[in-house]
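So the structure is just underneath, and the comments pick up after that.
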Number of protein chains: 2
Amino acid sequence: MEQVGLSRRERVREATLSEIKAIARRHLVEHGPSGVSLRAIAREMGMTAPGLYRYVSGIDALLVAITVEMFDELGAAVAAADASVPDEDTDRRIRTSLRAFRTWAVGHRSEFATMFGPRPHVDPNADTAPAIEAARRFAATFYTLFDRLLAERRFALPDSSHLTPELARELRSFAENCGFSAPHIPVEAVMVLSSCWVRLYGVVCMEVFDQMSVVMDDMEPLFESELHTVLTGLGVRYEPPESTAPTAVSAPD
Amino acid sequence: MEQVGLSRRERVREATLSEIKAIARRHLVEHGPSGVSLRAIAREMGMTAPGLYRYVSGIDALLVAITVEMFDELGAAVAAADASVPDEDTDRRIRTSLRAFRTWAVGHRSEFATMFGPRPHVDPNADTAPAIEAARRFAATFYTLFDRLLAERRFALPDSSHLTPELARELRSFAENCGFSAPHIPVEAVMVLSSCWVRLYGVVCMEVFDQMSVVMDDMEPLFESELHTVLTGLGVRYEPPESTAPTAVSAPD
DNA sequence: CGGCGTTTGCTAACGGTGTTCACTAAAGCG
DNA sequence: CGCTTTAGTGAACACCGTTAGCAAACGCCG
């Protein structure tokens, strides 16, 4: 990327750090979250564990670091999908983006779990700020799309009858802290956004976390069904996914 | 419970096994999932780690065992809540049961995470069948309530226009394998059930897994909001929770 | 080119983990 | 009482994260 003004030393340093993160990432997908160990990484790199401490302050920090990368990667995947459709076709852009989210998730289960799954008892000294920032960046992708829908007045804002003061307060806090909504966005809209996100997050978690696996072997139809009702409620036209083999994680060639 | 015809030996055996599980459970809530270790448990019991292998085939099996207990406990909590309201007041029973689910979840985050969170790379030799069975038993609680709604024709079945063959197939599989629906339940109903469950599962996961924590500090209003729309769609009257301090986890003892 | 500080990586060590094996001591039973 | 089954131990192996001290390489600057 941008290692222009870096001294030779800094360049090789950056390179080994990248290698560390890459191997960590691979171990994550191959052996699960608990399968990421400094010693194993060092072994694979032909060095010893303490040496890694020159690059990473500990295993927790390493996990945070790769979490950042994964959020960026997910964001890039979604953005790429979004960019692959004509700019003015908002409806298709949204469908495509959301499907890209699910596709990435089911194709990267371990990653998704560490990004969106339970945070193990996090000790206060751990600096998770970068990961949170990365998550925020990722979310922004969807905010802009949603903003567009809002601007186009695609859906009617729900009447604020069942919108308790407490909920309104939380939604306002949400809108303020999450970075988007520079113009004062109505809380009702934030609520619609939350509700939609809850549903899609819910299906995807169910699928990735392998709930239901005993009882249902392909979750894509259920995702599509949720997507359908969510989009409809948002005033976005639903269309089934374009061919490309029903679900089967496109194992081409 | 039912240790009637057990020899003295079997009784004390059962007792130590219970102690093991109890300590494991406590370590789980106090130090997180990775904080459960056979050596620590043994130490606390005044014995050595290998001794535990007389009772448990390994740490994975122990985790499965306590997962079973946790599902039973969650099921009991929900059932107790359900039983605490007059039998004929279906609406309130449903509200109470679902709120009991969330309350238990937020009050037992580590447990919820191991029950409903991502399953770490599960090696095939692990026998998770008991946990799955326990989960099934738990789910049954809600099936019966839903069955009642269905019998009372509380809500209109969605038209099967956007019900693709694939979705229908999966829903049928769901209905067959999950044990309820002895009478042939319409797939449309199963779909409504799935959709509702997805939403509530979604909010609760978001809350327990601490997504949003940066952006929103009390998730109860959002849960209530989802509950509202879910119930309304189900033909069940929504009522706000009965006072009892907004969220505050009813610190047990 | 030589010197010298900085950076890198090593070894050794401590304390922790799961798990296996061989063994003793106790408990139960005929 | 004697024999069998069982509970529990100790030692060992192979891992893990992390710290401290040290030696070698690197790169800069005179």
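A note on names: the letters A, B, ... follow the listed sequences, proteins ahead of strands, and every chain is numbered from 1. From a predicted model like this one, the values you see are computed outputs, not experimental measurements.
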What integer distance in Å separates B:Y53:OH from C:dA22:C1'? 17 Å

Atom CD of B:E10 and atom P of D:dT6 are separated, to the nearest Å, by 10 Å

State whether A:R43 places a side-chain N or O below 4.0 Å from either non-bridging phosphate oxygen (OP1 or OP2) of D:dC16. yes

Under 4.0 Å between a Lys/Arg side-chain N and an Asp/Glu carboxylate O for B:R102 and B:E207? yes

Below 3.5 Å between N/O atoms, which protein atoms pair up with nucleotides 7-10 of chain C? Just atom names and distances, please.
from	atom 1	to	atom 2	distance (Å)
C:dT7	O4'	A:R9	NH2	2.9
C:dT8	OP1	A:R13	NE	3.2
C:dT8	OP2	A:R13	NE	3.3
C:dG9	OP2	A:Y55	OH	2.3
C:dG9	N7	A:R54	NE	2.9
C:dG9	N7	A:R54	NH2	3.4
C:dG9	O6	A:R54	NH2	2.3
C:dC10	OP2	A:T48	N	2.7
C:dC10	OP2	A:T48	OG1	2.9

Please state how far atom CD in B:E14 lies from atom C1' in D:dA7, giving the value in whole angstrom units. 15 Å

Would you list the pairs meeting ring-ring contact (aromatic ring centres under 6.0 Å, His included) in which at least one residue belongs to residues 6-25 of chain B, sequence neighbours left out? none

Kindly state each residue pair satisfying ring-ring contact (aromatic ring centres under 6.0 Å, His included) with at least one member in residues 34-79 of chain B, sequence neighbours excluded. B:F71-B:F116

In whole angstroms, how far is the P atom of D:dT18 from the CZ atom of A:R39? 11 Å

Could you name each residue pair satisfying salt bridge (Lys or Arg N to Asp or Glu O under 4.0 Å) that touches residues 136-146 of chain B, not counting sequence neighbours? B:D72-B:R137, B:E133-B:R136

Describe, in one word, how the ring planes of B:F142 and B:F101 are oriented to each other, choosing from parallel (under 30°), tilted (30 to 60°) and perpendicular (over 60°). perpendicular

So that I can tick it off, tell me whether B:E69 and B:R25 are bridged by a salt bridge, with the cut-off set at under 4.0 angstrom between side-chain N and carboxylate O. no

Measure from CG on B:L38 to P on D:dT9 and round the result to the nearest Å. 14 Å

What is the ring orientation for B:F112 with B:Y201, classed by angle as parallel under 30°, tilted 30 to 60°, or perpendicular over 60°? tilted

By ring pair (Phe, Tyr, Trp, His ring centres under 6.0 Å), A:H31 pairs with (sequence neighbours left out) A:H27

Within residues 56-68 of chain B, the residues having a heavy atom closer than 4.0 Å to DNA chain C are B:G58, B:I59

